[in-house]
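Scroll down for the structure; my scribbles are underneath it.
Here is the naming used below: chain letters follow the sequence lines, and residue numbers restart at 1 for every chain.
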Amino acid sequence: MNTKNKIFKVLVPIISILASFLVGAIMISAIGGNAKDAYYYLFLGAFGSASNISETIIKAVPLIFTGLAATFAYRCGVFNLGAEGQFVMGAVASISLANYLAGLPVVLQLVISITGGAIAGGLWGLIPGILKVTRGLNEMIVSIMLNYIAILFMSYLYSGPLRDGSVPQTAAVTAKLGRIFENSRVHAGIAIVLIIAVLVYYFLFYTAAGFKLRSVGLNSTAAFYNGFPVKKLMLLSFMISGAIAGVGGSVELHGTQFRLMSGFGDGYGFDGVAIALIGQLNPIGTVLVAYLFAVLRKGATTMQVGTGMPTSVIDIIQALVIVFAVAGSTIINLPKIRQFLANRSQKNKGEVQE
Amino acid sequence: MSAVLNINFIQELLLSMIRMATPILIVALAELYSERAGLVNIGLDGIMAFGSLVGFLASYITGDPLIGILAGATGGIAINMVYAFCTITLGAEQIVYGMAINIFAPALASFIYKIYFGINSTLISATLMRVMPVPLLSNIPFIGPILFNHTPIVYFAYLLVPITCILLNKTKAGLNFRSVGEYPRAAESLGINVIGQKYLAAVICGGLAGIGGAYLTTCYISTYSDGVVSGRGFIALSAVIFGRWMPGGVLMAALLFGFTDALQLRMQVMSPDTPFQLPAMIPYLCTLFVLAFFGIKKAGPKANGKPYFKEER
């Protein structure tokens with residue numbers, strides 16, 4: 001039964017992705033486009049050349065960060081919808097530190113800056129955590145409010161105190177993450193995020209602390225009666241989740257964007273939640289699904305240029321993947337389906353006479 | 001500062017407060033109906049976005065904003081039916097699915113807008129609903145124009161509060177409805193169709209949330225853009241919590257948020273030197289503080305958020 005469960009968990013996202021591409025094709029045809037052409041350009045945009053592949057990887061990095069943040073939080077039973085705000089605050093911290101770090105060697109600058117991003121994101125994520133643990137507040141609403149506040153704060157900074165010149169954006173950071181491959185823009189951020197993904201996986205599934213966190217997520221009452229400090233664990237999960245998102249913002253700043261400007265971090269937060277859900281809350285799944293989302297995002301512009309299909313089609317396909325995947329994973333849990341599956345396995349074992 | 005104490009300023013501020021509180025009030029009442037039947041719907045923001053698009057489109061095509069409002073209601077119901085099916089019949093986790101709707105509905109709205117109007121950045125304008133002053137009452141000095149000089153939807157929203165109060169608390173149908181959210185098994189044993197009531201709640205919620213969204217693009221402003229909702233769905237959610245799941249409380253909460261919204265707009269105008277982002281934070285900060293000080297731990301219908309399966313005994 002356990003392997004069957006695992007097979008289902010992988011099948012559900014795959015089938016949802018295929019189903020949403022199918023519905024997407026129907027929609028494209030319905031408005032008079034050619035689905036084959038559209039998808040051809042989509043994949044061309046994401047995989048067609050070395051530069052395209054690099055751009056896709058670059059787009060995937062922040063999505064993996066917010067996806068991991070959401071995965072981590074959800075595994076501990078808390079809904080961190082504030083990844084967008086934590087991402088932004090991480091970048092804000094980094095940009096604020098940039099002036100003070102000017103003379104230091106680049107590697108040191110990066111280490112301090114990213115650590116600052118982690119702390120900022122962690123603190124920003126701690127706010128909904130504290131309110132939840134002390135006042136019983138719904139952490140979703142709090143974290144979403146904090147998203148708006150963070151984005152407005154960032155906007156204030158790059159239009160005001162940290163503005164560089166007449167355009168509303170900050171000055172570029174001088175410490176930049178190194179390029180890994182010779183002729184592409186892929187930066188060290190991909191290495192950082194993959195290491196973090198492995199660390200999260202190891203922490204959640206192979207350490208005692210991770211086990212305690214997961215048990216709070218699965219059944220907080222049982223965890224409490226087992227002597228686990230439920231409140232402290234929840235706070236810890238908010239903090240780590242926020243820190244991951246904060247590092248993401250920092251890395252995005254030092255890796256590709258280099259400046260804070262309008263639209264920085266836009267949409268990564270909620271997409272991260274979706275990625276976590278579709279990836280079945282597994283860090284490896286998160287990485288894969290985030291890459292898929294990056295493929296969609298990158299290919300969408302090529303598709304629009306090549307066939308005239310608006311990029312919104314891709315948004316809908318993306319949204320449909322979520323709708324199908326979430327519905328799919330719950331169909332498995334329906335009492336009738338569970339009964340059906342149990343009967344099947346018993347029949348196969350010969351325990352039930354037919 | 002003397003500008004603030006000006007009677008005209010206060011009058012305009014209160015008028016604006018009533019208008020800006022309206023979408024929050026309608027959507028908060030939508031969520032109230034839904035949560036009273038045990039369905040936590042956090043996809044309100046998405047339903048509002050879709051309702052605002054549908055309402056705008058209908059108003060643009062027919063030239064009548066009222067048709068836009070009705071279309072917005074229909075659109076909201078349609079989207080919420082997806083949510084209802086997956087949470088009631090399939091038993092998906094409501095909060096998770098609400099988030100899925102929050103991502104899906106605005107994407108759909110944006111898509112339809114771009115298909116219909118093409119991909120340009122100029123804002124297309126539809127007709128704005130006309131203000132309809134109540135004949136005698138709007139002439140009362142000072143409070144007349146504040147309370148009685150609005151579009152019909154505003155009156156609808158505020159009338160909905162006492163109607164909801166009476167429906168939920170004083171009628172047998174309302175009692176049956178509420179029992180579904182408190183203890184569905186007991187309700188089922190009394191012959192109440194729990195699943196049916198939940199679907200009814202989803203219809204009401206979707207319809208009202210759609211109207212709330214359509215209000216934004218037909219009565220508040222007459223254009224549609226992707227960020228038109230800007231978090232109001234979540235503010236409405238917190239209004240329900242702040243209002244302790246009662247229509248009167250929800251009204252107070254909505255007025256408070258409408259007030260902060262109206263205030264921050266005026267503050268931006270009054271001190272043009274202060275960057276606009278700082279006053280713009282006020283409504284969100286206000287929501288946070290209000291929740292922090294007045295939120296309580298385990299309130300709300302007892303069976304809120306739990307899927308109901310007939311088979312489980």
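- Within the 4.5 Å cutoff, the side chain of A:V326 has no heavy atoms near those of the B:M99 side chain.
- A distance of 11.0 Å separates CE of A:M140 from OG of B:S238, quoted to the nearest 0.5 Å.
- When the candidates A:I149, A:L152, A:V142 are compared by the number of heavy-atom contacts under 4.5 Å with chain B, A:L152 comes out ahead.
- The most heavy-atom pairs under 4.5 Å with chain B, out of A:L131, A:D271, A:V313, come from A:V313.
- The part of A:I141 that comes within reach of chain B is its side chain, from C-beta onward, which places non-hydrogen atoms under 4.5 angstrom from that chain.
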Go through the steps to decide whether A:N147 and B:Y284 satisfy the test side-chain contact (heavy atoms from CB on, under 4.5 Å), and finish with yes or no. CA-CA 9 Å; A:N147 282 348; B:Y284 304 113; over 6 Å; no

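- Residue contact with chain B, scored on non-hydrogen atoms closer than 4.5 Å, involves the backbone and the side chain of A:F153 alike.
- A donor-acceptor pair under 3.5 Å is formed between the side chain of B:Q277 and the backbone N or O of A:S155.
- Neither the backbone nor the side chain of A:I127 comes within less than 4.5 Å of any heavy atom in chain B.
- Going from atom CZ of B:F104 over to atom CD1 of A:I322 covers 10.0 Å, rounded to the nearest 0.5 Å.
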Apply side-chain contact (heavy atoms from CB on, under 4.5 Å) to B:Y97 and A:V323, showing your working. CA-CA 8 Å; B:Y97 219 78; A:V323 170; 3.0 Å; yes

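- Taken to the nearest 0.5 Å, the CZ atom of A:F79 stands 4.5 Å off from the CD1 atom of B:I95.
- In A:Y158, the OH atom is crowded: over 12 heavy atoms of neighbouring residues, nucleotides or ligands sit closer than 6.0 Å.
- Of residues 19-29 of chain A, those residues with a non-hydrogen atom less than 4.5 Å from any non-hydrogen atom of chain B are, in numerical order, A:M27.
- Between chain A and the options B:A105, B:A107, B:A100, the largest number of non-hydrogen pairs under 4.5 Å is found for B:A107.
- For a residue to count as touching a neighbouring chain, one of its non-hydrogen atoms must lie under 4.5 Å from one of that chain's; by this rule B:T287 touches chain A with the side chain only.
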Where do A:V273 and B:V96 land on the side-chain contact (heavy atoms from CB on, under 4.5 Å) test, with the steps shown first? CA-CA 9 Å; A:V273 174; B:V96 166; over 6 Å; no

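- Among B:I103, B:I101, B:D45, B:I112, the residue with the largest count of heavy-atom pairs under 4.5 Å with chain A is B:I103.
- Once rounded to the nearest 0.5 Å, the distance linking CG of A:L146 with CE of B:M281 reads 11.0 Å.
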Test log, rule side-chain contact (heavy atoms from CB on, under 4.5 Å), inputs B:L237 and A:I144: CA-CA 11 Å; B:L237 268 179; A:I144 290 176; over 6 Å; no

